[in-house]
Colleague: 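My structure is below; once you've seen it, I'll send some questions.
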Amino acid sequence: MCGIIGYVGTENASRKLIEGLKILEYRGYDSAGVALLSKSELSIIKATGRVEELEEMVVKKEVKSEYYCGIGHTRWATHGSVSEDNAHPHRMGRVTLVHNGIIENYLELRARLEKEGVVFKSETDTEVACALFDKYYEENIHPCVAIYKAVREIRGSYAFGIMFEGYEGRIFGLRHRSPLLVGSGSDGMYLASDITALLPFTKTYSLIEETEVVELRENEAIFYTHDGIYDPVWQEATMNYDQAKRGGYSHYMLKEINEQSDALRKTITPRISGGLPDFSHDGISRDIFQGIKQIHIVGCGSAYNVGCIGARLIEEYSRVSASAFVASEYRYSPPVNMQGTLIIAISQSGETADTLASVRYAKLCGCRVVSIINARESTLARESDKVIYTYAGPEIAVATTKGFSTQLAILYLLSVYLGIYTSKLDTEVAKLKIDELKRCEGVVSNRLKGAKSVESLAELLYKKENCFFIGRGLDYFMCLEGALKLKEISYIHAQAYQAGELKHGTISLVENETPVIALMGEERLFDKTLSNIKETKSRGAFTVALMPKNEKSPQECGDFVIELLGNSLIEYLFDELLCVQLLSYRVALLRRCDIDKPRNLAKSVTVE
Ligand code: F6R
């Protein structure tokens with residue numbers, strides 16, 4: 001949610017900022033802006049819409065000036081509409097800044113500052129912070145002193161990149177509950193919201209800890225705390241810039257869908273030993289479950305959906321009580337007894353504010369936290385007791401795909417691991433389950449090779465405005481994911497329903513040609529779901545069945561049938577996942593939607 005980039009060095013700062021902003025654009029794309037410093041002037045250039053529009057304006061301006069220092073921002077609007085006035089950078093007096101996060105007490109601060117004579121130009125919380133920094137930035141005061149004074153009054157989350165008049169050629173950065181990194185390159189120093197934006201320039205980075213302020217100069221970064229200056233820990237990024245490129249694909253989403261069998265192999269292989277799950281690779285032993293009475297899985301959006309599947313698998317294989325919670329609700333309706341609760345937090349980005357808040361709450365209650373994360377250099381990784389990384393590589397498209405599939409694989413492995421621990425799963429049965437998981441990689445690559453039926457279905461659906469996904473058992477949770485994907489990128493309204501529940505009210509929405517897509521991997525519930533398909537067919541629905549091969553003739557089961565690949569429930573689930581991802585992609589393509597950057601969204605949701 002909002003991306004920050006900063007650069008000071010020997011090269012052209014405007015090019016650096018624009019390149020960084022293009023990478024950060026997935027964090028928000030309502031508007032973009034830069035503040036650029038040359039030897040003679042500070043220019044602030046802003047544009048609503050995409051970074052490309054900003055780039056055109058910057059190129060025109062660049063002809064006259066040589067910029068060596070600057071800060072840039074790509075915005076996902078929270079406070080204030082999408083407009084140039086509300087776009088960052090903001091300037092107040094002698095301070096110019098960019099911000100990611102939310103200043104929760106901004107109205108109170110704004111009223112106070114207005115009484116003191118400050119006149120605001122925007123509706124944003126950010127401009128209030130800017131005014132506060134300016135207020136404390138008096139003659140002969142080092143910016144750090146002003147920063148520490150101002151942040152004492154700010155409540156909320158923030159990462160700031162700030163330039164102070166009088167300290168030309170320096171950028172100050174600080175953060176609280178929003179990510180911010182410093183990159184050290186051969187041609188200068190960088191500031192960025194995430195590691196991918198540093199990769200074109202450098203792989204050497206340092207995290208900024210809370211309470212620290214960093215001052216970037218052309219060839220050094222000075223890290224301050226309240227007590228003085230200290231030496232940062234520099235690290236080397238494990239990721240390559242090439243991994244974050246679109247390659248030959250028309251969209252990141254398509255690239256990421258296609259990367260899934262590889263991502264599954266990388267994620268699963270190191271966690272299997274002797275045919276059984278083994279998390280020693282992650283520094284996790286069976287001790288993690290000692291004294292555990294229940295498991296709570298927290299996540300948002302797709303991470304919650306996959307968490308629902310995980311909770312069911314854990315209960316089935318280990319008989320340990322497990323429930324999934326939407327992270328934004330978890331703190332506000334916490335379970336009565338948190339004692340003996342293991343938290344599994346799921347997040348592709350590791351930066352989702354609500355997931356982080358749930359984890360912080362659970363830790364206050366004394367719970368242990370194991371997180372399943374894709375992004376290595378993330379806040380959640382640092383705040384968890386143990387981390388199980390998915391090796392999906394950078395996920396850039398706003399809609400998650402390989403993030404979800406690798407999370408599902410880890411949850412499956414964990415549930416079998418726990419099943420062995422509680423002795424509810426016999427070792428031989430556990431080995432069979434792991435064999436089934438290993439076969440999923442092949443299911444995924446076969447579906448990718450033969451997606452013709454999904455493409456034909458997309459042709460039949462793309463003009464619809466409503467759609468139902470129905471299923472029972474684990475299929476229902478995959479329906480949640482199917483509906484979310486379709487809504488998110490194609491803007492078709494879709495709803496997931498437990499197949500048996502439709503007739504308790506919602507079936508009244510089914511009319512002639514309403515698409516009803518049934519996911520039917522749960523073979524034990526096949527006939528029940530089939531009856532529910534028939535009920536919708538009788539009301540005129542256009543029925544679609546994603547079903548395993550069985551004795552039923554496809555014509556009997558739906559107007560359009562896709563035969564699921566594989567021989568076991570987990571294989572069927574992976575194939576269902578691939579089908580709903582590809583279907584959403586194709587439908588969105590036919591509807592000419594902006595697939596990688598759907599409207600109103602951002603990839604990393606760092607606000608609550
Ligand atoms: C949907 C989607 C979102 C994310 C959610 C959580 O396609 O991508 O629903 O799953 O915002 O994000 P992470 O996993 O980064 O915490």
Side-chain angles (χ1 to χ4, degrees), residues 1 3 26-28 76 177-179 193-196 251-254 256-257 260 263 297-310 324-330 343-359 369 371-381 383-384 387-390 392-408 410-411 469 477-491 494 496 577-578 580-585 587-588 593-608:
M1 272 301 80
Y26 72 89
R27 299 175 70 91
W76 187 79
R177 299 194 163 177
S178 286
S193 297
D194 75 36
I195 193 86
T196 47
H251 296 94
Y252 276 108
M253 186 179 178
L254 188 60
E256 289 159 10
I257 288 175
Q260 285 178 107
I297 303 182
V298 292
C300 299
S302 292
Y304 165 76
N305 295 344
V306 76
C308 293
I309 301 181
F325 295 84
V326 169
S328 55
E329 293 291 316
Y330 189 66
I343 304 296
I344 300 181
I346 306 177
S347 177
Q348 188 284 130
S349 63
E351 299 295 347
T352 301
D354 286 314
T355 309
L356 283 165
S358 305
V359 162
V369 177
S371 293
I372 302 173
I373 307 173
N374 193 40
R376 280 203 156 239
E377 289 79 9
S378 62
T379 310
L380 183 59
E383 296 196 14
S384 304
V387 180
I388 304 174
Y389 286 109
T390 52
E395 197 180 63
I396 309 290
V398 163
T400 184
T401 51
K402 57 181 181 171
F404 186 107
S405 50
T406 49
Q407 288 156 0
L408 178 56
I410 293 291
L411 286 165
F469 284 83
F477 302 122
M478 205 53 91
C479 287
L480 288 176
E481 182 59 9
L484 175 57
K485 279 282 151 323
L486 193 64
K487 280 184 280 205
E488 184 180 14
I489 61 165
S490 78
Y491 316 141
L577 177 64
L578 260 288
V580 297
Q581 289 174 350
L582 288 164
L583 179 67
S584 306
Y585 175 80
V587 168
C593 296
D594 192 344
I595 294 178
D596 285 337
K597 296 190 182 89
R599 69 183 175 213
N600 305 336
L601 284 164
K603 177 89 182 147
S604 186
V605 186
T606 55
V607 293
E608 288 177 35

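Numbering of ligands and ligand atoms starts at 1, following listing order.
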Colleague: Say whether, by atom type as modelled, one donor and one acceptor occur between the side chain of Asn374 and the main chain of Gly393 under 3.5 angstrom.
Modeller: yes
Colleague: Answer yes if the side chains of Ser378 and Glu351 hold a donor-acceptor pair under 3.5 Å, and no otherwise.
Modeller: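 There is no such pair between these side chains.
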Colleague: State whether a side-chain donor-acceptor pair under 3.5 Å links Thr400 with Glu395.
Modeller: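 Present: a donor and an acceptor within the cut-off.
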Colleague: Looking at Leu601, Asp596, Ile595, which one forms a side chain to side chain contact (heavy atoms under 4.5 Å, CB included) with Pro598?
Modeller: Leu601
Colleague: Just checking, is any N or O donor in the side chain of Asp194 or Tyr26 under 3.5 Å from an acceptor N or O on the other one?
Modeller: yes
Colleague: Given a heavy-atom cut-off of 4.0 Å, could you list the residues near ligand 1 in chain and number order?
Modeller: Cys300, Gly301, Ser302, Ala303, Ser347, Gln348, Ser349, Thr352, Val398, Ala399, Thr400, Leu484, Lys485, Glu488
Colleague: Going by side-chain contact (heavy atoms from CB on, under 4.5 Å), name the residues that satisfy it together with Ala494, two or more places apart in sequence or in a different chain.
Modeller: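 Once residues adjacent in sequence are excluded, the partners of Ala494 under the side-chain contact (heavy atoms from CB on, under 4.5 Å) criterion are Cys467, Phe469, Ala483, Leu486, Lys487.
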